[in-house]
Participant: 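Starting off with a structure, shown below.
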Amino acid sequence: MLLVSAIAAALASAPAAALEPQDTPYEKTLANGLHVIVKEDHRAPTVVHMVWYRAGAIDEKDGTSGVAHVLEHMMFKGTKKIGPGEFSKRVAAAGGRDNAFTSLDYTAYFQQVPNRALAKMMALEADRMANLKLDAKEFAQEIKVVMEERRLRTDDNPQALVHEAMNAAAFMEHPYRRPVIGWMADLQHMRYRDAQDWYRRWYAPNNAFVVVVGDVDHDAVFSLAEKYYGAIKRHALPKEAPFAEPKQLGIKRLTIKAPAKLAYLSMAWKVPKLKDVERDREPYALEMLDAVLDGDDAARLSKDLVRGQKIAQSIGTGYDPTLRGEAQFVVSGQPAEGKSVAELEAALRAQIRRIQDEGVTAEELARVKTQTIASQIYKRDSMMGQAMEIGAVEAAGLNWRDIDKMQEKIRSVTAEEVQVVARKYFNDDRLTVAVLDPQPLDSAATRPPTASLRH
Amino acid sequence: MKKILFAVLCLFAAAVQAGVNIEHWTTPAGARVYFVASRALPMLDVRVDFAAGSATLPASLTPGANLAGVAGLTNELLEAGAAGMDEEQIAARFADIGARLSSSSSLDRASLSLRTLSARAERDAALELMHAILATPTFPDGALEREKARSISAIQEAETRPESIAARRFSEAIYPGHPYGVNATVDSVGRISRDDLVAFWRGHYGARRAAITIVGDVSRAEAENIAARLSDALPDAPAEVPLPAVTLPERQTLRIPHPAAQSHILIGLPSIRRGDPDFFPLLVGNYVLGGGGFVSRLMKEVREKRGYAYSVYSYFSPLKSEGPFQIGLQTKRAQAGEALQVVDTTLAQFLKQGPTESELREAKKHLIDSQALGLDSNAKILGAVSIIGFYGLPLDWIADYPRRVEAVTAAQVRQAFNRHVQPEHLVTVIVAGD
C-alpha cells in the first residue's frame with residue numbers, strides 16, 4: 001500500500017497543469033435573453049451545437065404527461081420554411097448527426113457536425129425555436145411512434161416499470177411522480193393542440209440557452225448566434241404555482257409483477273440537492289458517499305455484496321444533486337441466484353448502517369479524490385460529454401463556472417460529514433422500496449397491457 | 001432519445017478518416033502495434049486485442065464437450081488475480097491511481113483496455129498492473145465459481161427478455177453449425193472448469209495473436225517500450241487457425257411466443273468478411289436503406305409514414321468470417337404482420353433497383369463529410385484503429401476512405417447487395433408475434 005499512496009501523492013500535483021484557462025468557456029447573453037456558452041476545443045475540426053430549453057416533465061400537468069417529450073418529436077416535423085423530416089436531412093447533408101432528449105427538468109436538441117457547418121445548424125435551430133409548424137396529420141402519425149417508444153422502454157422493460165412505479169409512489173404532489181415518457185392513457189388522449197400549447201408557452205429565447213463545444217472561435221460563434229437567434233422575440237413565461245411535496249410519514253413499499261427471471265430491488269431515500277455551490281456541504285458529502293459505495297470497481301457494494309458475500313447479481317447507486325426538483329439517493333440491484341430481495345435489502349441496510357456507525361476510511365476518501373481529479377482529465381476527451389456537463393448544470397439553475405469548484409468541494413469532504421449525512425437522511429421515513437416480483441413468461445398475469453387499450 | 005444510435009457498419013465507417021497518423025511495428029515477441037500520438041490531453045489509452053473471441057474455441061480443448069462461454073469467462077477473469085494479488089487488491093490499485101481497466105469479448109476478439117493519466121508515476125503503475133494481468137493471471141476457483149453463477153443467471157434472465165431472445169435465436173438460425181451461431185447456455189457454462197480457462201488462455205493470449213493499440217500522450221520510444229513490455233511474457237500460444245466456412249441458412253421464419261406488448265423482429269443472414277472489396281458499396285447502400293438514421297428508406301417507410309416503430313435500422317457487421325447483415329425493429333404485436341410487409345417490400349425494392357442517383361450522392365457526401373466526427377476523441381480513434389490493427393486492414397484505410405466512398409456507383413451498390421443479401425437465404429425471427 002505504500003506504493004499506492006506515494007502515487008496518489010504524486011498525482012495530486014500532476015493534473016493541475018492540465019486545467020489551463022485556455023479551456024475556460026466563454027459566455028454572452030443576447031438582448032432577447034438567450035444565453036450562449038462556448039467552450040473551444042481545437043483537437044479535431046468538429047463541433048457540438050446544443051439548444052437547451054428549461055422545460056421538461058417537471059413542468060407538465062396531470063392529463064398531459066409526456067407532452068414535453070412529444071413536442072421534442074414534433075420539433076423534427078417541419079417549420080414554416082422546411083418540410084417534415086427536412087431538419088435531419090439537412091444535418092445529414094452537412095455531414096452531421098442530430099438527436100434530442102427530454103428529461104424531468106429540460107428538453108435539449110443537438111447536432112454534431114464538421115465545424116464549417118455550425119452556421120447552418122444555428123439557422124435550423126433558430127428557425128424551429130420560433131416557426132414550428134404543428135399539424136394534426138403529422139401529430140397523429142408521430143404520437144404512434146411515441147407510444148411504440150413507451151412500449152419499448154417501459155411497458156416491456158420490468159426494471160423500468162419498477163422505477164416508474166417507484167417515483168409515482170415516492171412523490172404525492174411533486175411532478176417527478178409522472179414519467180417523462182408519459183402515461184399511456186395520456187398519450188392516447190393527447191391532441192396536437194396540447195403540443196402546440198406547450199411550444200407556445202415554453203419555447204422562447206429567454207427560456208433557452210445554447211452550448212457550443214468544439215473547434216470554433218468564441219467571438220465568431222457569438223456573431224453567428226446574434227445573427228441567427230438575435231431576431232427571435234422574447235415572450236413572458238408562465239408563472240407556475242409552487243408545489244411542495246408533503247412530508248413523508250413512513251416507509252413506502254410496492255411490488256411490480258412482470259415477466260422476468262431475476263428479481264430486482266430499488267430503494268430511494270429523499271435527500272437534499274445542491275442549491276448553493278459555495279455554502280452547501282451535505283450534497284457533496286452525499287456525492288462522496290455515492291462514490292464510496294459505487295464509484296469504481298473497488299467500491300464497497302461490488303466488493304462486499306457482489307464479490308464478497310455473493311448476495312447480489314448486480315448493484316448500483318444513483319445520486320444527482322444538480323436538478324430542478326427534489327433529489328433522491330437510489331440504490332438498486334438484483335439478488336444473486338438463491339438469494340431473496342429481502343436478503344439483498346438487509347445486506348444493503350447493513351452497508352448503510354456500517355457507514356452510519358463507523359464512517360468511511362481515509363483510504364476511501366483519498367481514492368475518491370484521486371478519481372475526481374482523473375475524471376476531470378478524462379471527460380475532456382469527449383466534446384459531447386463536455387457540452388452535456390455544461391448544459392445539465394445550467395439547466396439545474398446552477399452556473400457552468402462552478403463545475404470545477406463542485407469537484408474541489410467534493411475533495412474537501414471529511415469522513416465525519418459522510419457519517420453525518422448517512423445518519424441524517426438514510427432513515428425509513430424518507431424511504432421508498434420497490435420490488436420486481438418476477439413472473440413466468442407463460443403466466444396469464446403477464447399478458448400485455450395492449451389488451452386493454454381503448455383506441 | 002429521439003433516435004437510436006447509428007448502426008455498426010455506419011459507426012465504423014464514419015470512424016475512419018484523414019489526419020490520423022498510425023505508426024505500426026511488431027514487438028520482439030511478435031505482437032503487432034498500432035500507435036497514434038495525441039499529446040493534447042495528459043492521458044493514455046492502451047488496448048490489447050487477442051484472437052480469442054468466442055468463435056475461436058478449438059474443438060480440441062475438451063473434445064466432445066460444448067464449452068460455450070469459456071472465452072468470455074477467461075477474458076473477464078483475467079483481472080481476478082495475478083502476480084500475488086487477489087481481485088480486490090487489483091481493483092483497489094487501479095482505483096488508487098485513477099486508472100480504469102475494462103475487458104470485453106465478442107465473436108472474433110477478446111480485449112483488455114486501459115485508460116490512465118499519462119504522468120510517469122501513474123502510467124508506469126497502471127501498465128505494470130496490466131502486464132501482470134496479461135502475463136500471470138491465476139484464475140482463482142472462488143472467483144470462477146461466482147462468475148459462472150452470475151453468468152448463468154444472466155443467461156436465464158436474457159432468455160426472458162424479448163430483445164435478447166430474438167438476438168440469440170437469430171445468430172443460432174443464421175449460423176447453423178458455425179461457431180458464430182453458438183451461444184453460451186446454462187449447461188455449457190456449468191461445465192467450464194478452471195483447467196478450461198487456463199488452457200484457453202494458454203492457447204489464445206499469445207503475442208502472435210495480439211494487436212496492441214496505443215493512443216495518447218507518449219512518445220514513439222515510450223510506446224515501443226510499453227508494447228514490448230506488455231507482450232514480453234505472454235503465453236506461447238499457437239498462431240490463429242482459420243474459422244470453418246459459413247454455410248448459408250435456408251430461408252425461414254421463426255416465431256417465438258412471448259407475452260411482450262411489442263413484437264421484436266430481426267431479419268438477416270451471414271454476409272460479409274472484413275477486407276471484402278464490396279465493403280464500400282455496401283456501406284453506401286446501407287446508409288440509404290437503413291443505416292442513415294432518419295433519412296434512411298426503412299425509417300421513412302416504417303416510422304415516418306406509418307408510425308409503426310420507434311426504431312428501425314439495418315447494418316452490416318463485417319467479421320473474420322461472413323459477419324451478419326441485419327434489419328431490426330419493434331412494433332406493437334397486433335401490427336407485426338403489416339410492419340414486416342413494409343420492411344420486406346422496402347428491402348426487395350432496394351435489392352431490385354438500388355439507390356437513386358440523388359440518394360447515392362447524398363449518402364456519399366454524408367459519409368465523407370462526417371468522417372471527422374468518428375475520430376474527434378482519443379476513445380474514438382482507439383476504437384477505429386483497433387479494428388484496422390486487429391483485422392489487418394491497410395494502414396492508409398483512414399486516408400483512403402473518402403476516395404473509396406466517392407468511387408462507389410449505383411450499379412456497384414446493386415450488385416454488391418445482390419451478392420451479399422440473397423433473399424433465398426434470409427432468416428426472419430419474430431418474438432412475441434400474434
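Here is the naming used below: chain letters follow the sequence lines, and residue numbers restart at 1 for every chain. These numbers were taken from a predicted model, which means no experiment stands behind them.
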Participant: Among A/Gly85, A/Pro84, A/Ala94, A/Pro158, which has the most heavy-atom pairs under 4.5 Å with chain B?
Facilitator: A/Pro158
Participant: Just give me the residue among A/Lys310, A/Arg43, A/Gln334 that pairs up with chain B most often, heavy atom to heavy atom, under 4.5 Å.
Facilitator: A/Arg43
Participant: Sort A/Ala93 into side chain, backbone, both or neither according to what part of it lies under 4.5 angstrom from a heavy atom of chain B.
Facilitator: backbone
Participant: Which bit of B/Leu101 is near chain A, if near means a heavy-atom gap under 4.5 Å: side chain, backbone, both or neither?
Facilitator: backbone
Participant: Given heavy-atom pairs under 4.5 angstrom as the criterion, report whether the side chain, backbone, both or neither of B/Ala432 touches chain A.
Facilitator: neither
Participant: Given the options A/Met147, A/Lys144, A/Gln313, which has more heavy-atom pairs under 4.5 Å with chain B than any of the others?
Facilitator: A/Gln313
Participant: Determine whether the side chains of B/Asp45 and B/Asn378 contain a donor N or O and an acceptor N or O closer than 3.5 Å.
Facilitator: no
Participant: Go through the side-chain N and O atoms of A/His73 and A/Glu142 and say whether any donor and acceptor fall under 3.5 Å apart.
Facilitator: yes
Participant: Looking only at heavy atoms and a cut-off of under 4.5 Å, which of B/Met43, B/Arg146, B/Lys365 has the most pairs with chain A?
Facilitator: B/Arg146
Participant: Measuring from atom CG of B/Leu112 to atom CZ of B/Arg47, what distance do you get when rounded to the nearest 0.5 angstrom?
Facilitator: 10.0 Å
Participant: Heavy-atom distance under 4.5 Å to chain A: side chain of B/Glu87, backbone, both or neither?
Facilitator: side chain
Participant: Of all of A/Ser382, A/Ala299, A/Ala92, A/Pro114, which one pairs up most often with chain B through heavy atoms under 4.5 Å apart?
Facilitator: A/Ala92
Participant: Do you see a donor-acceptor pair shorter than 3.5 Å between the side chains of A/Glu72 and A/Thr102?
Facilitator: yes
Participant: Is it the side chain or the backbone of A/Asp296 that comes within 4.5 Å of chain B heavy atoms, both, or neither?
Facilitator: side chain
Participant: On a heavy-atom basis, which atom in B/Glu88 and which in B/Asp86 lie closest, and how many Å separate them?
Facilitator: N-OD1, 3.0 Å
Participant: Need one label for B/Glu145: side chain, backbone, both or neither, based on atoms under 4.5 Å from any heavy atom in chain A.
Facilitator: neither
Participant: Checking B/Lys300 against chain A: side chain, backbone, both or neither under 4.5 Å from a heavy atom?
Facilitator: neither
Participant: Go through A/Glu148 and A/Arg151 one step at a time and tell me if the salt bridge (Lys or Arg N to Asp or Glu O under 4.0 Å) criterion holds.
Facilitator: CA-CA 5 Å; A/Glu148 292 295 348; A/Arg151 290 182 188 104; 3.2 Å; yes
Participant: Does any heavy atom of chain B fall under 4.5 Å from the side chain of A/Val368, the backbone, both, or neither of them?
Facilitator: neither
Participant: So what's closer than 4.5 Å to chain B heavy atoms on A/Arg307: side chain, backbone, both or neither?
Facilitator: both
Participant: Determine whether the side chains of A/Gln376 and A/Lys379 contain a donor N or O and an acceptor N or O closer than 3.5 Å.
Facilitator: no
Participant: Just verifying a value: how many Å separate B/Asp96 CG and A/Gln371 CD, rounded to the nearest 0.5 Å?
Facilitator: 8.0 Å
Participant: Tell me, side chain or backbone of A/Ser375 under 4.5 Å from chain B's heavy atoms, or both, or neither?
Facilitator: both
Participant: Side chain, backbone, both or neither: which part of B/Ala309 has an atom under 4.5 Å from a heavy atom of chain A?
Facilitator: backbone
Participant: Considering only heavy atoms and a distance below 4.5 Å, find which of A/Thr46, A/Val145, A/Asp381, A/Asp297 pairs most often with chain B.
Facilitator: A/Asp381
Participant: At a heavy-atom separation under 4.5 Å, does B/Glu362 approach chain A through its side chain, its backbone, both, or neither?
Facilitator: side chain
Participant: Take B/Glu159 and A/Lys261, measure what salt bridge (Lys or Arg N to Asp or Glu O under 4.0 Å) needs, and give me the verdict at the end.
Facilitator: CA-CA 8 Å; B/Glu159 287 289 352; A/Lys261 172 64 169 68; over 6 Å; no
Participant: What I want to check is whether the side chains of B/Ser151 and B/Glu147 have a donor and an acceptor closer together than 3.5 Å.
Facilitator: no
Participant: Name the member of B/Ile152, B/Ile90, B/Thr160 that forms the most heavy-atom pairs with chain A at distances under 4.5 Å.
Facilitator: B/Thr160
Participant: Can a side-chain donor-acceptor contact be found between A/Gln407 and A/Thr372 if the only test is distance below 3.5 angstrom?
Facilitator: no
Participant: Check whether B/Arg120 gets within reach of chain A through its side chain, its backbone, both or neither, counting any heavy atom under 4.5 Å.
Facilitator: neither
Participant: Is A/Lys303 in contact with chain B via its backbone, its side chain, both, or neither, using a 4.5 Å heavy-atom distance?
Facilitator: both
Participant: Centre of B/Tyr308's six-membered ring, under 6.0 Å away, within 45 degrees of the axis: is that where NZ or CZ of B/Arg303 sits?
Facilitator: no
Participant: Please classify the contact of A/Phe87 with chain B as side chain, backbone, both or neither, using a heavy-atom distance under 4.5 Å.
Facilitator: neither
Participant: Is A/Asn157 close to chain B through its backbone or its side chain, or both, or neither, when contacts mean heavy atoms under 4.5 Å?
Facilitator: both
Participant: Aromatic contact between A/His49 and A/Phe110, with the criterion being ring centroids under 6.0 Å apart: yes or no?
Facilitator: no
